[in-house]
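Chain A is the first sequence line, chain B the second, and so forth, proteins listed ahead of strands; every chain is numbered from 1.
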There are 2 protein chains.
Amino acid sequence: MKPRPTIQDVARATSLSISTISLVLNNKAHVSEETRRRVKQAIRTLGYHPVRSARGLASKASGNIGFLLADEHFSAVEPFYTRIFLGSEVEARNHNYYILLTTVPTRLRKNESIPRFLHEKNVDGVIVAGKINHKLIEYIGKLGLPIVLVDYALPGKRYSSVLIDNYKGARVATTHLIETGHSKIAFIGGDPDHPSIAERFAGYKETLTRYGMPIDPSLVITDEEDTRIHNGYNAIERLLNRGGKPTALFAANDAMAIGCMNYLKATGIRIPGDMAIVGFDDIGLSSHVEPPLSTVKVFTEEMGKIAIRRIVEMIREKTQHVFTVHLPVELIVRASSASRVPSPSKRKTPISLTRRPRGPAIAEGREKNHGA
Amino acid sequence: MKPRPTIQDVARATSLSISTISLVLNNKAHVSEETRRRVKQAIRTLGYHPVRSARGLASKASGNIGFLLADEHFSAVEPFYTRIFLGSEVEARNHNYYILLTTVPTRLRKNESIPRFLHEKNVDGVIVAGKINHKLIEYIGKLGLPIVLVDYALPGKRYSSVLIDNYKGARVATTHLIETGHSKIAFIGGDPDHPSIAERFAGYKETLTRYGMPIDPSLVITDEEDTRIHNGYNAIERLLNRGGKPTALFAANDAMAIGCMNYLKATGIRIPGDMAIVGFDDIGLSSHVEPPLSTVKVFTEEMGKIAIRRIVEMIREKTQHVFTVHLPVELIVRASSASRVPSPSKRKTPISLTRRPRGPAIAEGREKNHGA
DNA sequence: TTTACCTATCAAAACGTTTCGAGATATGTG
DNA sequence: CACATATCTCGAAACGTTTTGATAGGTAAA
């Protein structure tokens with residue numbers, strides 16, 4: 001079996017020097033069109049492909065992007081972060097990068113569990129999805145690697161983030177419930193330390209206030225440990241047992257909303273007749289539960305793509321701009337929140353509340369640059 | 001900022017040669033304990049980490065494993081292959097490998113879409129999950145890279161595979177339906193080209209025959225294009241419209257089973273009263289639909305782990321053993337198949353059919369070696 | 001005509017490891 | 001005691017690129 005061709009072989013075949021081949025390979029200037037053509041031709045006929053390790057060693061760039069994910073997120077039933085990852089993977093390939101995904105324990109132990117690739121110079125930048133130990137993020141920062149956080153932000157604007165417009169999503173969801181005739185609207189939350197959850201709660205409160213409605217603490221649960229299905233179940237059980245009497249319910253995410261539905265169905269409370277429900281995220285499951293769950297759709301793949309575009313920019317330009325992108329969201333009305341009283345005269349049906357994405361609006365999300 | 005230490009620095013610090021440091025780094029023999037200790041100490045105090053690219057260039061091993069997944073699988077609602085990947089990722093880390101995941105178009109176009117890492121010598125082996133174009137698999141084989149297929153096998157035993165024991169799973173599921181009093185049991189399938197689906201169908205038929213029951217073509221659908229939710233919906237609709245009158249239904253996977261449930265609920269057919277249902281896979285969704293779906297559980301993470309162990313073996317030993325592993329499965333009885341008639345005297349409840357995994361039984365799956 | 005500055009190419013020096021063969025010392029054998 | 005063998009260590013040669021600085025030739029400006 002013939003050994004694979006090296007850049008040497010291409011040089012010989014074209015009677016050019018190695019350097020020139022390299023210039024063509026990297027699309028650098030100062031190469032005549034004629035030469036470029038000849039080199040490309042030779043590369044094709046020889047079936048030459050540069051070896052990644054060699055490039056990496058010489059150029060001090062690995063061609064990889066690290067993707068960090070808390071293990072509990074990845075193993076959750078809902079493939080929320082998985083979809084973000086998927087978007088990243090596709091976009092990374094477009095930019096000729098590969099992704100090294102690794103999960104990290106939510107509670108970071110010794111230095112032992114720090115991903116190897118950070119030390120081995122095996123990634124050129126890192127994407128961190130979801131809530132991860134601050135220490136670790138700062139550690140990566142100190143290593144001098146570009147970082148982009150997805151669906152998470154540290155206080156102090158020191159790291160770039162791709163975020164969901166949680167605030168607006170919560171407002172749209174709450175408004176929808178109010179406009180379909182509800183006045184006693186519960187909020188079910190969890191992991192109050194997570195900025196996203198806090199923002200959704202804030203949006204809920206702000207909307208009630210704007211409509212002149214009180215914020216009734218007996219209708220609010222925000223202290224569940226995390227936001228998984230069983231916590232939704234527990235939360236609504238506690239809320240009802242202590243005497244809360246909501247007619248509608250806004251859950252911090254779909255998983256909790258579905259947990260709530262499970263409890264309500266088990267106790268004979270009808271949805272949406274006795275209780276209208278709106279969730280957040282639009283995970284795949286939501287359209288397949290009974291009744292289908294109204295929710296605020298998050299464009300997860302898009303988040304992954306944007307994160308990649310940003311980190312590639314940071315890597316290429318070696319500039320450490322800190323930016324924040326907020327992705328727009330979209331209310332999706334399904335059966336779990338069908339209107340309770342006839343809608344007000346002007347509006348035909350609550351479904352008109354749906355905010356259609358405006359073409360490529362996704363990529364336009366409001367975006368800010370802070371400092372340089 | 002200080003430049004990161006290289007192997008040179010460690011050599012200087014210990015007054016040893018670079019070669020000796022390398023020997024320690026790779027846990028090779030012929031190094032005295034004393035020396036080994038000193039070197040490790042120096043490495044720690046200097047904070048030295050070998051650079052991946054340099055190792056790769058010198059040793060001709062990238063330290064990466066490629067993970068190939070058909071795009072349609074990865075973007076499916078159910079995170080079936082995602083869980084396989086998760087298992088792989090964890091196990092790969094244990095063996096000091098990283099995984100480069102990439103999706104490939106189900107229908108492979110030009111050479112264009114062949115994953116770059118195959119040519120760039122950037123992976124030491126490849127795991128292929130699910131059904132992927134034969135040509136591509138063979139192409140990888142020709143490149144001389146070790147391959148392990150997961151949940152897929154090519155005819156001819158030329159590639160190693162980690163498989164689900166579909167045949168047994170289907171038999172257990174069908175038996176469960178028969179023993180709870182059903183005699184008209186439908187089979188809903190899709191993508192008949194996929195070996196897994198074919199095996200499940202075979203297990204279904206075999207069981208009916210064993211019980212002396214006819215295989216009624218009017219109760220069988222196997223020609224849906226793939227196995228996603230909406231195909232289950234379409235399939236059962238077709239089956240019922242053309243006059244099939246089953247009292248129970250075995251679907252080739254949970255996604256299709258759930259599609260069936262959606263159709264049945266929409267048309268007022270009660271589950272399990274009018275129709276008992278059993279699926280296959282035990283995806284996360286299954287325990288959260290109403291009623292919860294009986295199914296045959298597949299240990300997905302475990303499959304990923306086994307695949308990694310095998311490919312690491314192949315890489316290390318450079319031997320090209322072809323092997324096949326069949327992972328055991330487990331029947332999980334939930335409300336969608338509660339028994340229809342009182343169970344036979346001896347058996348208290350159909351739940352006793354559940355096959356508990358026997359401790360670490362997972363790793364014991366029947367395993368065969370073919371040739372060397 | 002000189003000066004200055006482009007363009008296209010090249011030779012050689014990195015990049016940080018692993019590996020190979022050899023040397024030096026210690027250990028065992030007849 | 002001589003010789004073979006085993007253990008430990010080392011110098012030097014890969015590995016296949018990118019990058020840097022130099023050179024030769026050409027063109028435009030002074």
Side-chain angles (χ1 to χ4, degrees), chain A residues 2-40 42-43 46-64 96 116-117 119-122 124 315-316 318, chain B residues 2-39 42-43 46-64 96 116-117 119-122 124 316 318:
Chain A
K2 216 181 294 181
R4 48 182 298 152
T6 72
I7 199 172
Q8 260 290 5
D9 300 318
V10 182
R12 259 193 293 271
T14 52
S15 309
L16 287 165
S17 73
I18 286 181
S19 338
T20 303
I21 311 299
S22 177
L23 291 179
V24 174
L25 237 38
N26 295 283
N27 272 315
K28 299 269 171 112
H30 302 303
V31 179
S32 72
E33 268 322 306
E34 164 62 7
T35 303
R36 205 178 286 276
R37 206 192 46 69
R38 264 175 57 219
V39 171
K40 285 189 173 161
I43 286 176
L46 286 175
Y48 165 76
H49 294 275
V51 170
R52 191 61 270 173
S53 301
R55 297 189 103 160
L57 182 56
S59 69
K60 300 158 172 316
S62 67
N64 299 325
N96 282 335
R116 257 190 320 126
F117 59 51
H119 293 130
E120 293 180 331
K121 245 184 170 175
N122 206 11
D124 303 336
I315 294 169
R316 298 244 161 99
K318 299 202 167 88
Chain B
K2 216 180 295 182
R4 47 183 299 154
T6 72
I7 201 171
Q8 259 291 4
D9 299 317
V10 182
R12 255 194 294 272
T14 52
S15 309
L16 288 165
S17 73
I18 287 182
S19 337
T20 304
I21 311 299
S22 177
L23 291 179
V24 174
L25 237 38
N26 295 284
N27 273 316
K28 298 272 172 109
H30 302 303
V31 179
S32 71
E33 269 321 306
E34 163 62 7
T35 304
R36 205 179 286 276
R37 203 191 49 67
R38 266 174 57 219
V39 171
I43 286 176
L46 286 175
Y48 165 75
H49 294 273
V51 171
R52 225 330 82 215
S53 303
R55 298 189 102 160
L57 182 55
S59 70
K60 301 158 171 313
S62 66
N64 299 324
N96 282 335
R116 257 190 318 127
F117 60 51
H119 294 129
E120 293 180 332
K121 243 186 172 176
N122 204 12
D124 304 335
R316 297 242 161 100
K318 299 201 167 90

I need the [atom1]-[atom2] distance between [X] and [N], as an integer number of Å.
{"X": "Ile7(A)", "N": "dT19(D)", "atom1": "CD1", "atom2": "P", "value": "11 Å"}
{"X": "Arg52(A)", "N": "dT18(D)", "atom1": "CZ", "atom2": "P", "value": "9 Å"}
{"X": "Arg12(A)", "N": "dT17(D)", "atom1": "CZ", "atom2": "P", "value": "12 Å"}
{"X": "Arg36(A)", "N": "dT9(C)", "atom1": "CZ", "atom2": "C1'", "value": "13 Å"}
{"X": "Glu33(B)", "N": "dT7(D)", "atom1": "CD", "atom2": "P", "value": "14 Å"}
{"X": "Arg38(B)", "N": "dC8(D)", "atom1": "CZ", "atom2": "P", "value": "14 Å"}
{"X": "Asp9(B)", "N": "dT17(C)", "atom1": "CG", "atom2": "P", "value": "9 Å"}
{"X": "Lys121(A)", "N": "dC15(C)", "atom1": "NZ", "atom2": "P", "value": "10 Å"}

Selected nucleotide, minimal atom distance to [X] side chain, candidates [options]:
{"X": "Ile18(B)", "options": "dT17(C), dT17(D), dT7(C)", "answer": "dT17(C)"}
{"X": "Pro50(A)", "options": "dC10(C), dG16(D), dT17(D)", "answer": "dT17(D)"}
{"X": "Ser17(B)", "options": "dC8(D), dG11(D), dG16(D)", "answer": "dG11(D)"}
{"X": "His30(B)", "options": "dT9(D), dG16(C), dA8(C)", "answer": "dT9(D)"}
{"X": "Thr35(A)", "options": "dA11(C), dA8(C), dT9(D)", "answer": "dA8(C)"}
{"X": "Ala54(B)", "options": "dG16(D), dG16(C), dA8(C)", "answer": "dG16(C)"}

(message) Whether the Asn64(A) and Arg52(A) side chains hold a donor-acceptor pair (N or O, under 3.5 Å, no angle test) is what I'd like checked.
(response) no

(request) For the residue pair Asn26(B) and Arg55(B), confirm or rule out a side-chain donor-acceptor distance under 3.5 Å. (result) yes

(request) Keeping the roles fixed (side chain from Arg116(A), backbone from Asn122(A)), state whether a donor-acceptor pair exists under 3.5 Å. (result) no

(message) Please check: side-chain N/O of Ser22(A) versus main-chain N/O of Ile18(A), any donor-acceptor pairing under 3.5 Å?
(response) no

Gap separating the [atom1] atom of [X] from the [atom2] atom of [Y], nearest 0.5 angstrom:
{"X": "Arg316(B)", "Y": "Asp124(B)", "atom1": "CZ", "atom2": "CG", "value": "10.0 Å"}
{"X": "Ile21(B)", "Y": "Ile7(B)", "atom1": "CD1", "atom2": "CD1", "value": "6.5 Å"}
{"X": "Arg38(B)", "Y": "Ser15(B)", "atom1": "CZ", "atom2": "OG", "value": "6.5 Å"}
{"X": "Lys121(A)", "Y": "Leu57(A)", "atom1": "NZ", "atom2": "CG", "value": "8.5 Å"}
{"X": "Thr20(A)", "Y": "His30(A)", "atom1": "OG1", "atom2": "NE2", "value": "12.5 Å"}

(message) Below 4.0 angstrom, which residues in residues 19-29 of chain A have at least one non-hydrogen atom near DNA chain C?
(response) Ser19(A), Thr20(A), Leu23(A)

(request) Report the end-to-end axis angle of the helix from dT1(C)-dA30(D) to dG30(C)-dC1(D); each axis comes from five terminal pairs, and the value is rounded to 10°. (result) 40°

(request) Please state whether the phosphate of dT19(C), meaning OP1 or OP2, lies under 4.0 angstrom from any side-chain nitrogen or oxygen of Ser59(B). (result) no

(request) Using a cut-off of strictly less than 4.0 Å, decide whether Ser53(A) has a side-chain nitrogen or oxygen near OP1 or OP2 of dG16(D). (result) no

(message) What's Leu16(B) touching, base or sugar-phosphate or nothing? Going by heavy atoms closer than 4.0 Å.
(response) sugar-phosphate

(message) Heavy atoms only, 4.0 Å cut-off, all strands: where does Ser15(B) land among base, sugar-phosphate and nothing?
(response) sugar-phosphate

(request) I would like to know whether Tyr48(B) and Val39(B) meet side-chain contact (heavy atoms from CB on, under 4.5 Å); could you show each step before the answer? (result) CA-CA 11 Å; Tyr48(B) 165 75; Val39(B) 171; over 6 Å; no

